[in-house]
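Sequence lines set the chain letters: A, B, ... in the order given, protein chains first and strands last, and positions in each chain run from 1.
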There are 2 protein chains.
Amino acid sequence: MAEKPTLAEKVFSELTIAIERGELPPGTKLSEQMLVERFGGSRAPMREAIQKLEARNLVARIPHAGARVVSLSLDELKDIYEVRLELEGMACRLAALRMSDTEIAELQGLLQAHAASIAAEQGQSYYQSAGDLDFHYRIIKGSQNSRLHQMLCGDLYHIVRMYRYQTSTGHKRPGQALQEHQRIVEAIANRDAELAELLMRRHIQASLTNLETLLAAQEGRA
Amino acid sequence: MAEKPTLAEKVFSELTIAIERGELPPGTKLSEQMLVERFGGSRAPMREAIQKLEARNLVARIPHAGARVVSLSLDELKDIYEVRLELEGMACRLAALRMSDTEIAELQGLLQAHAASIAAEQGQSYYQSAGDLDFHYRIIKGSQNSRLHQMLCGDLYHIVRMYRYQTSTGHKRPGQALQEHQRIVEAIANRDAELAELLMRRHIQASLTNLETLLAAQEGRA
DNA sequence: GGCCATGTTTTTGTCTACAATCTGGCGAAA
DNA sequence: TTTCGCCAGATTGTAGACAAAAACATGGCC
């Protein structure tokens, strides 16, 4: 059951986490030699790990010139959020139509737990990261579209997480985000697909606006 | 200007074409040794080519067990089209808002050329492949969203092309497809984003329906 | 003083060899 | 006869060395 992962996979997942956490800031060069020194082994698995990162758009590779952690311009970030807005709105609409009653009940339970942890004042950090992502993840899964799931969770979310960590954002007021989440689940429970989509789009739009102001402020300080 | 591509890239692009054309049918095993015999060189570049194919979802790799050309179930194909419907509808809406007048004029010119080639009875095969794809490509580019462009052209279209070649489809009646294209461009020229999106969605929906009937027929014969 | 040519150094691309893992078939025991 | 385990072959994962390309520094020239 231990499922022995290959070295390339281990390096890949460790680097993924490191990049998301900002331990390897955008623009950092990833030379193969450097990875060998850090993880051990030979260059072959390191190359493979870098290629996997490239496939997820976490690094950009230039032939004969190595790989660097992606550094997104504000415009590119907006493009990504624009796509995310569309796809996750779609996921929410489909989830309203396709989720089982059991799944919806679980989602409601999740929000209650979130509400409790916020009321206990410990929600600040918890809700930002794990809670919010778990909520979105369940809805995406509820869409029951494997490709949609792959695109959102496989590609876009890594980038989103990366910029969240770096700006240490998430919604500034977890209370408001929770309220939005509750309305969304309400719409899903009522099988109101169009409303669910609309609410999700607004929710993500708010998230983007929030991220933009933080980035602008960060820019100002720099 | 000759831009010396690496061996891995050459193998990758040749394999991409071969898979799209159905020369390597779904399920075909791609062993590294086999690629060495076919393309020359050593195993390392072949591995890299296979990984690039995996990144584009053209092959599926299982650790220690090799890579096979993807074989999609009908459900998976529907999922892909569902996503394409959404994203390309979005692209069309954005294109209506963002394309320059010049680009729109070029698009209109393209359709006139198509109309002429169809009238000359040579459109049958031409319009199916290059013409249709060119039309969609320009609209996607017109959305001016780089990530959207990458997702549609980089990932989804290879799969779509692959299944088109295999079923030798495209729209059964190029005349009708052209008419739909003309209406879409009309809406874009009027900057009517919502109508443009709606028409594009219908256009792709029709394309999926068409593909489904062809696959069903193919299934029946097999 | 600034700019271009050039040689050195580093890094990537490729090759060959070896180790680990999977696949398929044979034979022995129930 | 069926099923389990084991052995042989093939295939993938990894290692280390060589070749080619790029980045960098140095020195000469304008």
Side-chain angles (χ1 to χ4, degrees), chain A residues 1-19 23-71 150 154, chain B residues 1-19 23-71 150 154:
Chain A
M1 191 59 195
E3 296 272 343
K4 222 163 117 187
T6 66
L7 178 54
E9 281 168 353
K10 273 196 294 191
V11 172
F12 164 66
S13 54
E14 286 210 30
L15 283 179
T16 300
I17 294 173
I19 291 175
E23 293 163 17
L24 298 170
T28 304
K29 176 153 190 191
L30 292 180
S31 86
E32 297 168 3
Q33 187 56 39
M34 171 192 128
L35 295 184
V36 166
E37 285 160 14
R38 177 166 174 176
F39 295 100
S42 82
R43 273 180 52 213
M46 306 301 135
R47 276 180 77 78
E48 199 161 330
I50 289 177
Q51 257 201 285
K52 276 169 140 41
L53 290 171
E54 189 193 13
R56 285 205 182 169
N57 285 305
L58 285 174
V59 309
R61 238 171 46 137
I62 301 169
H64 302 286
R68 309 186 93 86
V69 178
V70 285
S71 177
Q150 174 189 324
Chain B
M1 191 61 193
E3 295 272 345
K4 221 162 116 189
T6 66
L7 177 55
E9 280 169 353
K10 272 196 293 190
V11 172
F12 165 66
S13 54
E14 287 209 29
L15 282 178
T16 299
I17 295 171
I19 290 175
E23 294 163 16
L24 297 170
T28 305
K29 174 152 192 194
L30 293 181
S31 86
E32 297 168 4
Q33 187 57 37
M34 171 192 127
L35 295 183
V36 166
E37 284 159 15
R38 175 165 176 176
F39 294 100
S42 82
R43 275 179 51 211
M46 306 302 134
R47 274 179 79 78
E48 199 161 330
I50 289 178
Q51 258 202 283
K52 277 169 139 39
L53 290 172
E54 188 192 15
R56 284 206 182 169
N57 286 306
L58 285 175
V59 308
R61 235 171 45 135
I62 301 169
H64 303 288
R68 310 186 93 86
V69 178
V70 286
S71 177
Q150 175 190 323

Nearest-0.5 Å distance, CD of residue Glu14(A) to CZ of residue Arg38(A): 7.5 Å
Among dT11(D), dC15(C), dG13(D), the nucleotide that comes nearest once only the side chain of Glu32(B) is considered: dG13(D)
Check: Lys29(A) and Met34(A) side chains under 4.5 Å, non-hydrogen atoms: no
Rounded distance (Å) that lies between atom P of dT21(C) and atom CG of Leu7(A): 13 Å
Whole-Å gap separating P (dA17(C)) and CZ (Arg43(B)): 12 Å
Val70(B) vs Asn57(B) side-chain heavy atoms within contact, under 4.5 Å: no
Axis deviation across the helix from dG1(C)-dC30(D) to dA30(C)-dT1(D), five-pair ends, to the nearest 10°: 20°
Residue-phosphate contact under 4.0 Å: Ser42(A) side-chain N/O, dT14(D) OP1/OP2: no
Interatomic distance, Leu35(B) CG vs dT14(C) C1' [rounded to whole Å]: 16 Å
Residue pair Leu15(A) / Leu35(A), side-chain heavy-atom distance below 4.5 Å: yes
Met46(A) and Leu7(A), any side-chain heavy atoms less than 4.5 Å apart: yes
Val59(A), Ile19(A), Val69(A) screened by side chain to side chain contact (heavy atoms under 4.5 Å, CB included) with Thr28(A), the one that passes: Val69(A)
Close side-chain approach of Glu54(A) to Gln51(B), heavy-atom, < 4.5 Å: no
Main-chain N/O of Gly27(B) paired with Arg68(B) side-chain donor or acceptor, under 3.5 Å: yes
Heavy-atom pair with the smallest gap, counting every atom of Ala8(A) and Glu48(A): CB-CB, 3.8 Å
Nucleic acid contacts of residues 47-71 of chain B, taken as heavy-atom distances under 4.0 Å to DNA chain C: His64(B)
Spacing of Glu37(B) atom CD relative to dA10(D) atom P, expressed in whole Å: 12 Å
Spacing between Glu9(A) atom CD and dT12(D) atom P, to the nearest angstrom: 15 Å
Rounded interatomic separation in angstrom, taking CG from Leu30(B) and P from dT11(D): 13 Å
Euclidean distance, atom CD of residue Gln33(B) to atom P of dG13(D) [Å, nearest integer]: 14 Å
Atom pair distance, as rounded to whole Å: NZ in Lys29(B) and P in dT11(D): 7 Å
